[in-house]
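Not measured: the values here are computed from a predicted model. Throughout, a chain's letter reflects where its sequence line sits, starting with A, and its residues are numbered from 1.
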Amino acid sequence: MLRQETYRGSTAFLAGAVSDVTLKFPMQLEKVYEPQRFEPHWAQWWIESSIYHGNASAAGAEKRVFSIVIPPPNVTGSLHIGHLFEHTMMDAAVRWHRMKGELTLWLPGTDHAGIATQMVVERQLAAAGITRQQLGRSEFERRVWQWKEEYGGRINTQIRREGASVDWSRERFTMDPGLSRAVREAFVRLWDKGLIYRGEYMVNWCPQCQTAISDLETIHEATEGHLWHVRYPITGTSQFITVATTRPETMLGDTAIAVHPDDARYRHLHGKSITLPLLGREIPVIADSIVDPTFGTGAVKVTPAHDPNDFELGKRHNLPFIKVIGEDGRMTAAAGPYAALDRFEARKRIIAALEESGELVKTEPYTVSLSKCDRSKTIIEPLVSTQWFMRMKPLAAKAMDAVRSGRIRFVPNDREALFFQWMENIRDWCISRQLWWGHRIPAWHCKNCSRTTVARKAPATCPNCHSTELEQESDVLDTWFSSGLWPFSTLGWPDDTLDLRTFYPTSLLITGFDILFFWLSRMIMLGIEMTGDVPFREVHIHGLVRDADKQKMSKTRGNVIDPLIIMDRYGTDACRIALLLSAAAGSDIALKEDRMESGRAFANKLWNASRLIFMNMERSGIAAWAPGNSQAPSDSLEDIWIFDRLARATSTVNRALGIHRYHEAAQVLWDFIWHDFCDWYLEIKKLRFRENSGLDAHWQATLTVYEKALRLLHPFMPFVTEELWQRLIHGTTANDSQPKSISLAAYPSVPEPHDPTDRVNHFAVLQKIVTDARELRADHKLDPKLVVNATLKTIGLAFADDELAAIGALAKLRIEQLHEKSDAVEFSLQIHTPQFSQNGALSTEARERLKKDNAGLERAIANSERQLNDPIFLSKAPSKVIDSIREKLAGYRAQLEKNRRQLADGE
RNA sequence: GGGCGCGUAGCUCAGUUGGUUAGAGCGCCUGCUUCACACGCAGGAGGUCACAGGUUCGAGUCCUGUCGCGCCCACCA
């Protein structure tokens with residue numbers, strides 16, 4: 001009798017769905033796989049039973065540690081399919097390491113996402129007719145925190161549904177007190193080392209977001225524009241110099257005209273004065289070799305306040321900086337008659353005015369590369385302003401060294417090229433933002449002596465003049481500054497905590513290539529600078545999840561696959577395995593919903609295989625069972641074979657997981673479970689269970705393989721494997737010594753050598769006989785249910801009675817075996833039924849197919865023979881290859897012979 | 001202007017250090033409601049591995065070039 005045991009999980013589920021899992025009869029499975037019945041239960045149970053807590057105190061010298069931090073999603077975000085993909089790979093890795101007995105930590109958390117969050121709350125305020133300015137800074141900050149408390153946990157609730165085995169007790173937020181302290185500490189250290197500086201430079205200004213942004217946050221778009229040729233009168237003459245520009249509105253801020261020093265056309269103009277059209281300002285002609293004499297007219301207008309090149313030029317030649325466009329994107333008072341106009345409106349009017357005065361001499365179409373704000377898509381205005389910058393070159397040098405020396409490895413490693421390319425050309429990072437939400441820069445300006453003091457805590461007095469009139473810098477830091485500290489700030493840095501000592505450097509980082517520069521490279525640079533060690537030893541860079549047409553998923557395109565919906569529809573496990581199967585080496589994946597369908601089909605297959613096993617256990621009266629070792633406990637051919645298959649699958653899966661080939665690992669398990677275990681092994685076992693002989697040994701083998709398969713699959717499909725494993729353990733006895741969850745059970749490792757004999761190959765012969773017989777039956781259109789007599793001639797290999805019975809059951813044959821002793825193994829199968837002797841019984845399609853197959857075989861045989869007769873080949877090819885060709889040749893010949901016989905029989 | 005990647009079955013993609021009739025999933029065709037599963041079972045069709053050269057006993061795999069597609073970086077007005 002089965003021991004009937006009841007266990008009950010919590011009925012409350014995170015998202016509100018109620019699931020009551022009461023397994024009074026653990027071994028009785030519903031006919032159809034319904035993940036909704038148990039996924040919420042296990043998700044909840046895993047959290048409640050705290051089994052994924054990284055127990056730092058358990059660390060010992062001999063214990064291996066595996067740690068990984070989650071790329072913190074924006075606190076404003078909601079789960080999208082890319083998260084599910086990324087988290088599934090991370091979870092597979094984490095569960096694998098945990099099951100291997102390593103001390104494991106997966107640390108979750110969220111990012112405060114400066115601009116994004118500020119905008120969300122501002123929009124909310126706008127709906128109520130309030131601006132943040134009306135509220136004032138501290139009240140606004142309070143409102144954002146309030147928003148965060150209310151809605152910020154949404155994504156984490158959603159992550160729980162993924163089955164991600166994260167340690168929720170260590171959840172972090174980039175603006176937690178601890179992490180904020182880390183930010184200040186890092187800032188002060190960098191400042192003290194001179195790696196952070198403050199100054200007036202040209203930055204990318206977003207008039208919409210009202211803040212400076214870094215180079216990375218701009219996107220470049222090729223846009224059809226114009227190149228306007230404008231002539232500027234040379235003062236005191238009737239001559240002109242013509243310049244070409246794509247931004248005529250900036251001419252109001254021109255403070256020079258530049259030409260190449262060697263350009264003979266303009267040499268006579270060096271030092272001459274030009275009268276700026278529209279405003280009548282006198283500006284000089286300067287010579288600078290930056291000017292390309294072959295482009296346009298060879299003369300350039302210089303607007304130091306509104307163009308990065310001109311900014312440098314202006315500094316070099318001590319030109320005045322005239323700011324004609326303001327932070328709001330409108331023309332300033334310096335723009336004279338155009339003041340207060342929007343910058344693009346001003347452009348229109350200026351063109352019109354120049355046209356009228358005849359100073360616009362030519363307009364040609366021109367493709368310009370427009371810089372836009374990545375967030376608001378507003379056209380960037382290069383503006384000069386006082387900002388804080390981080391010097392990147394010295395940091396980058398150490399980071400590149402860490403990658404070059406192999407202390408950090410990239411998977412796939414061709415991404416390293418991208419990393420180096422960017423690092424080598426890195427420029428200083430503008431880290432200050434004119435926002436209210438974020439880490440306020442720890443600097444205080446003295447109102448009295450205007451000295452700036454950078455400190456961990458607010459100073460009481462100015463160290464310079466002892467004034468108490470200090471005001472904190474109003475700018476906050478770029479969100480990526482705190483993200484860059486994530487792998488160690490989350491573990492307690494700057495304190496020397498047990499967590500930090502145990503889990504840092506982290507083992508692995510899994511992230512998308514889209515934030516390679518934003519995040520990854522900055523973590524490497526800051527990690528090395530702050531801790532003296534790399535933040536992680538390995539980086540796995542994955543591709544993007546795209547829609548079926550390989551388009552990026554976006555709300556505007558309306559092609560977003562919502563992971564919450566598909567997890568509901570197909571089950572989380574089905575989505576996970578579907579995504580993993582698509583996850584080849586860093587390439588993008590085109591996701592169709594039919595992948596999820598086939599994932600669910602696979603889960604259903606596993607479910608029903610379990611159902612078969614459980615039902616037969618009950619029927620056979622199998623109650624007690626203990627997980628066995630890797631040796632086949634029975635002498636049956638199918639047991640020996642399946643243990644061999646299991647060993648091979650185990651070895652491949654472990655190897656593949658070690659090198660982040662998740663798709664390969666998933667594929668191998670899919671094939672093993674479906675096509676080896678279900679299609680062949682269980683089909684034969686059904687017969688054994690019916691026969692009722694030597695049952696205990698059979699069961700021991702079947703359950704050992706089955707339970708190992710569940711464990712192997714667990715990192716990929718945690719829910720269904722937990723559900724089935726729990727039922728198995730609770731439904732049989734002797735589970736006191738078992739771990740409380742499959743995720744704490746040992747991951748199967750590569751076993752000791754199996755099958756010393758050649759019997760595994762005998763099973764392959766058995767399979768071949770069965771498939772041949774099925775083919776013959778199909779070709780002759782035999783009734784699928786009809787059991788027919790057959791003679792099996794075996795040479796060199798005799799099948800035992802139970803093996804013949806298996807062949808008979810799988811191919812619906814009554815077999816008489818004629819056996820001959822020999823060294824070479826051969827067989828032939830003859831089916832005795834009237835249809836086989838009738839003329840033309842072989843269908844025309846089958847006949848065609850066989851003929852075509854024969855032609856191919858003849859070609860393959862000729863090929864092989866040619867090689868085996870070629871002395872050069874024989875002398876150069878390794879003997880392993882020669883042997884395999886000999887073997888294949890024999891196979892081709894046998895197949896050809898069989899085909900010919902079949903064709904002859906059908907005549 | 002630099003750099004990277006891709007082009008394999010109708011579609012989406014695998015294909016380990018080069019080993020010889022090239023694989024999977026989905027789709028398609030034929031048959032089957034067989035007492036685990038029609039989210040299934042059995043059988044089958046379908047590819048001169050973008051093209052052209054080269055290296056090699058042997059190339060989907062390595063090299064060169066061509067064509068097509070995608071991505072990243074970049075201050076030429």
Secondary-structure stems, RNA chain B, at least 3 Watson-Crick or G-U base pairs under 3.5 Å: B:1-7 with B:67-73, B:10-13 with B:23-26, B:28-32 with B:40-44, B:50-54 with B:62-66
Which residues satisfy the salt bridge (Lys or Arg N to Asp or Glu O under 4.0 Å) test with [X], sequence neighbours excluded?
| X | result |
| --- | --- |
| Asp568(A) | Arg161(A) |
| Glu858(A) | Arg900(A) |
| Glu217(A) | Arg433(A) |
| Lys768(A) | Asp772(A) |

Sorted by number, the residues of residues 416-427 of chain A with heavy-atom contact under 4.0 Å to RNA chain B: Leu418(A), Gln421(A), Arg427(A)
RNA chain B contacts made by residues 605-612 of chain A, counting heavy atoms under 4.0 Å: Lys605(A), Asn608(A), Ala609(A), Arg611(A), Leu612(A)
Positive for side-chain contact (heavy atoms from CB on, under 4.5 Å) with Trp699(A), one of Lys685(A), Arg688(A), Met617(A): Met617(A)
Can you tell me which nucleotide in [options] comes closest to the side chain of [X]?
| X | options | result |
| --- | --- | --- |
| Phe873(A) | rA77(B), rC26(B), rU20(B) | rU20(B) |
| His675(A) | rA74(B), rG25(B), rA77(B) | rG25(B) |
| Glu683(A) | rC57(B), rC39(B), rA36(B) | rA36(B) |
| Phe517(A) | rU33(B), rC72(B), rA77(B) | rC72(B) |

With a 3.5 Å cut-off and sequence neighbours excluded, list the donor-acceptor pairs that the side chains of residues 416-426 of chain A form with protein atoms.
unit_1: Asn425(A); atom_1: ND2; unit_2: Gln421(A); atom_2: O; d: 2.8

[atom1] gap between [N] and [M], integer Å:
| N | M | atom1 | value |
| --- | --- | --- | --- |
| rC6(B) | rG15(B) | P | 10 Å |
| rA59(B) | rU17(B) | C1' | 15 Å |
| rG70(B) | rG58(B) | P | 38 Å |
| rG27(B) | rC13(B) | C1' | 14 Å |
| rC57(B) | rG68(B) | C1' | 35 Å |
| rG18(B) | rU56(B) | C1' | 9 Å |
| rA14(B) | rG5(B) | P | 15 Å |

Row check, Trp680(A) ring normal vs Arg774(A) NZ/CZ: under 6.0 Å, within 45°: yes
Cation-pi geometry met for Arg415(A) and Phe513(A) (6.0 Å, 45°): yes
Between atom [atom1] in [X] and atom [atom2] in [N], what is the gap in whole Å?
| X | N | atom1 | atom2 | result |
| --- | --- | --- | --- | --- |
| Ile589(A) | rC13(B) | CD1 | C1' | 11 Å |
| Glu221(A) | rC72(B) | CD | C1' | 15 Å |
| Phe513(A) | rC72(B) | CZ | P | 7 Å |
| Leu216(A) | rA74(B) | CG | P | 7 Å |

Earlier contact from the 5' end, RNA chain B, for Ile613(A) and Thr294(A): Ile613(A)
RNA chain B: 5'-proximal contact among Thr245(A) and Ser884(A) (nearest heavy atom): Ser884(A)
For [X], report the nucleic acid contact type (base, sugar-phosphate, nothing); a contact means any heavy atom under 4.0 Å.
| X | answer |
| --- | --- |
| Phe311(A) | nothing |
| Val291(A) | base |
| Trp228(A) | nothing |
| Asp870(A) | sugar-phosphate |
| Gln667(A) | sugar-phosphate |
| Glu593(A) | nothing |
| Lys31(A) | sugar-phosphate |
| Lys880(A) | nothing |
| Val243(A) | nothing |
| Asp310(A) | nothing |
| Pro382(A) | nothing |
| Tyr570(A) | nothing |

ring-ring contact (aromatic ring centres under 6.0 Å, His included) involving Phe518(A) - partner list, sequence neighbours excluded: Trp480(A)
Ring-ring centroid check Phe602(A) Trp670(A), cutoff 6.0 Å: yes
Sub-6.0 Å ring centroid separation between Phe389(A) and Tyr201(A): yes
Any side-chain heavy-atom pair from [X] and [Y] closer than 4.5 angstrom?
| X | Y | answer |
| --- | --- | --- |
| Leu360(A) | Arg231(A) | no |
| Arg316(A) | Asp288(A) | yes |
| Asp573(A) | Glu39(A) | yes |
| Leu606(A) | Ile673(A) | yes |

Side-chain ion pair, Glu664(A) and Arg655(A), N-O less than 4.0 Å: yes
N/O donor-acceptor pair, side chain Asp594(A) with base rC26(B), under 3.5 angstrom: no
Polar side-chain contact Glu664(A)-rA24(B) base: donor and acceptor under 3.5 Å: no
side-chain hydrogen bond (donor to acceptor under 3.5 Å, both in side chains) partners of residues 244-259 of chain A, not counting sequence neighbours, each pair once: Tyr232(A)-Asp254(A), Arg247(A)-Glu249(A), Arg247(A)-Glu381(A), Glu249(A)-Arg347(A), Thr250(A)-Lys301(A), Asp254(A)-Lys301(A), Asp254(A)-Thr303(A)
Check: protein-nucleotides 8-11 of chain B nitrogen or oxygen pairs below 3.5 Å:
unit_1: rC11(B); atom_1: O2'; unit_2: Lys592(A); atom_2: NZ; d: 3.1

Mutual orientation of the aromatic rings belonging to Phe614(A) and Tyr706(A) [parallel < 30°, tilted 30-60°, perpendicular > 60°]: perpendicular
Polar contact flag, side-chain donor to acceptor under 3.5 angstrom, Glu865(A)-Asn869(A): no
Give every pair of a protein N or O atom and an N or O atom of nucleotides 43-45 of chain B that lie under 3.5 Å apart, one pair per line with the distance.
none

